[in-house]
Asks: 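After the structure tokens below, expect a handful of questions from me.
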Amino acid sequence: MKSLSLQKLPRQGEASSFLLEQLNEPQRKAAETLEGPVLILAGAGSGKTRALTYRIAYMIEQGIRPQDILALTFTNKAAGEMKERIAKLVGESKASGVWAGTFHAIFARILRMEAEAIGYTSSYSVYDADDSLSVVKAVMNSLGISQQQYTPNAMRNAISGAKNKHIGVQEYQREAGSIFEKQAGLIYQEYEKRLRANNAMDFDDLLLNVIRLFEMRPDILQRYQERFRYVLIDEYQDTNKAQYTAVAMLTRVHNNICVVGDDAQSIYRWRGADIRNILDFERDYPQAVVLRLEQNYRSTKTILSAANAVISNNADQLKKELWTANDDGELIDVVRCRDDREEAEQIVKYIRQEVRSGKEYRDIAVLYRTNAQSQAIEDALRRENIPYTIVGGVSFYKRKEVKDTLAYLKLIVNERDSESLQRIVNEPPRGLGKTSLQLIADYAEREGISLFDAYCIAESIPGLQKRAQTAALDFSAMIRRFSGVRNQLRPDELARTLIDATGLLRMYEEDGSDEALDRWNNIQRVLSHIAEYHDKNPDATLEQYVQEIALLSDMDNVDTHGKAVLMMTLHSAKGLEFPMVILPGLERGLYPLSKAEQNKDELEEERRLFYVGITRAEKKLVLLHAEKRYRFGEISYPMPSGFLSEITPELLRPIGGKAIPELSAWSSGGFRKPRHEHDFIDEYSGQKMTDSSGEKVRFIDEDV
DNA sequence: TAAAAAATCGTTTTT
DNA sequence: CGATTTTTTA
């Protein structure tokens, strides 16, 4: 056991390493305090990633073996960037030895290697939220629980919530009080049974099963404890109970755990993130060294003051004071718009103006609360020929044809994956309708065999039509044919011939409509993606590809250096920064969401989200809100967000109406009754404003 | 069985 | 409003 005193600790000014010279004082401390628990409270824009990468580089420089280091991040993108930056500091060969990835990706890898120990095979399937929802529906059906009374989504959330809190079926059922919870307990139990039967894990299982593995097999735990002598965790404020537990187990022996986070940026409570993990770190690790990175290098004084003012309204937080040596910068524009359409036009205007003054499109980001908001803005940008990239939304991987394609691949890797099987058994149509499917499923259940095995012996299923029998047999034979050669063929070739054999591509080709063509293209994209993957990982099997792709998000492929304005949700924007940030939709009911307004904790989370949004901006921040918005196909007249009045008025420049005197009145609830549209136009039409470039701009009445 | 028509829903945020 | 699911019809 090493102790701190054995460590070579350079005194102030006595830089021991070229690396450390490039850091400020607290960053350097963060980088050189290698042994024991370390908590780094890193404010927004304080060079957190820099401290972390230099720390790892310094470790390697100090002779720690790269493969002893485990760095856990929240997104694949963050992991990739970290690796890249480490490689720049210590060279590719050393950097590639470091284990860096998301919790889910790293744990999935561990589980693939140790699958047998917990009753899985290494070719287990990973179910995303959609898959698991569909299992919940099936379970509710078979248990005879009405989907009217409780929505499958609510049930899935209950199950996932329990898992994130590391609560198993037994415990959940024991603690269940309400009828809802009792029902959820039953569904939970059956759900687990089915996933296991399918040799499948959902996202939450990737964490839980690692804990189970470690609990059941101390020998295996010990191996990984030995292996990961140094563990670093980024975005610690967003870890959940399961992640906390797994990491605690891993680090118990060497106790070299270094976590970085900012409680003010915790925005995943709804997904089970437990802010106590970071708030209680000092209690959990009494010997912990606590460091604060409080100098912000990113934003102007104005932007930072606004952020500080907003977040100070939250009660529960660790004390830190973020400051900056940067200039005051421009005031923050608060733009009041007539409706969401005008809001989009205003955004266009700002982008235009910024580009005219010499900025690139990529310097600008539009960050919204909900994906639905992107539509109106997207239309306006397209109309105006402004290049843009939308992150997230309807994810590529969530599209029907892409999921179908992957389901075929998953099935040949894991025949027990009944979820994937049901998805594609009649896609394209093979003459296997609802009744036949039900008949086969019932038979499989009765005989206690897997769904796939039932398809293989379709000829002996009573009541099944001749035509359906042949279809089922042909289908299962095809799957088996490919399954048998899945380790002989190259993954890309295998995938291509399989998809060819399924007739999926042909179906869309024959359809010929624009939509079908689109789908055809998407399938081709998947296939070329596999080819690309094979080029990069020549030894990887299709099995590995299928498992890795399940953990990929749209965010991971975002090009922040491209030539387009970026549009995404605030959640996706965490960790990014832009010279100009535009935040639309600052209205009550939307931001904060109406659901959060009643609940203090949820309201505070919304506020942290706003804080994240503000602190993405380097130079210029624009806040917009509309007085009339289409929501749910209906017109609503929302009040401006209460968050707006939390910003010191001196930092704001109101545009589009007499916003200053009214801001506080609005947000304290003094907003007038929804007015009729003609009132509105009477009041504002023709009104002229001056924008920051000094030119006359017409805000209303400007129909494009 | 499959395609077309009608009804029903629902909205945070995502690894 | 738009996507998805259920019902009707060929």
Asks: Salt bridge or not between A/R383 and A/D379? Use side-chain N to carboxylate O under 4.0 Å.
Replies: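 Here A/R383 does not pair with A/D379 in a salt bridge, since their nearest N and O are not under 4.0 Å apart.
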
Asks: If you look at every strand shown and take non-hydrogen atoms under 4.0 Å, does A/K137 touch a base, only sugar-phosphate, or nothing?
Replies: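 Here A/K137 touches the backbone only, sparing every base.
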
Asks: Decide if atom CD of A/Q465 counts as having more than 12 heavy atoms of other residues, nucleotides or ligands within a radius under 6.0 Å.
Replies: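 It does not: A/Q465 CD has 12 such atoms or fewer within range.
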
Asks: Phosphate oxygens OP1/OP2 of B/dA2: is one of them under 4.0 Å from a side-chain N or O of A/N426?
Replies: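 Checking B/dA2 against A/N426, a side-chain N or O does come within under 4.0 Å of OP1 or OP2.
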
Asks: Using the C1' atom as the reference point in each nucleotide, state the distance between B/dT12 and C/dT5 in Å, no decimals.
Replies: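 To the nearest whole Å, 22 Å.
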
Asks: Could you check whether A/D130 gets within reach of a base, just the sugar-phosphate, or nothing at all, counting any heavy atom under 4.0 Å?
Replies: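 No contact.
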
Asks: What is the distance, to the nearest angstrom, from the CD atom on A/Q469 to the P atom on B/dT1?
Replies: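 Nearest whole value for this atom pair: 13 Å.
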
Asks: State the dot-bracket string of DNA chain B. Criteria: Watson-Crick or G-U wobble, both atom distances under 3.5 angstrom; notation: ( ) intrastrand, [ ] crossing earlier pairs, | interstrand, . unpaired.
Replies: ||||||||||.....

Asks: Inspect the surroundings of CZ in A/R467 and state if more than 12 heavy atoms from other residues, nucleotides or ligands are less than 6.0 Å away.
Replies: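 No, CZ of A/R467 has 12 or fewer neighbouring heavy atoms, counting only those of other groups under 6.0 Å.
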
Asks: Would A/R430 and A/F475 count as a cation-pi pair here, with the cationic atom under 6.0 angstrom from the ring centre and within 45° of the axis?
Replies: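 So A/R430 doesn't make the cation-pi contact.
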
Asks: Sugar-phosphate means primed atoms, P, OP1 and OP2; the rest is base. With that split, encode nucleotides 6-15 of chain B 5' to 3' as B, S or - using protein heavy atoms under 4.0 Å.
Replies: ----BBBBBB

Asks: Distance check needed: C/dT5 P versus A/N141 CG, whole Å only.
Replies: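 Those two atoms, CG and P, are 13 Å apart.
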
Asks: Checking A/N153 against A/R156: is there a side-chain donor and acceptor pair closer than 3.5 Å?
Replies: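 No, no side-chain donor-acceptor pair sits under 3.5 Å.
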
Asks: Within the distance-only criterion (no hydrogens, no angle test), does the side chain of A/T615 pair as donor or acceptor with the backbone N or O of A/Y611 below 3.5 angstrom?
Replies: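 It does hold such a pair.
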
Asks: Going by distance alone, is a donor N or O of one side chain under 3.5 Å from an acceptor N or O of the other, for A/Q373 and A/Y591?
Replies: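 Checked: A/Q373/A/Y591 side chains show no N/O donor-acceptor pair below 3.5 Å.
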
Asks: Parallel under 30°, tilted from 30 to 60°, perpendicular over 60°: which one fits the rings of A/Y268 and A/F74?
Replies: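 Correct class here is tilted.
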
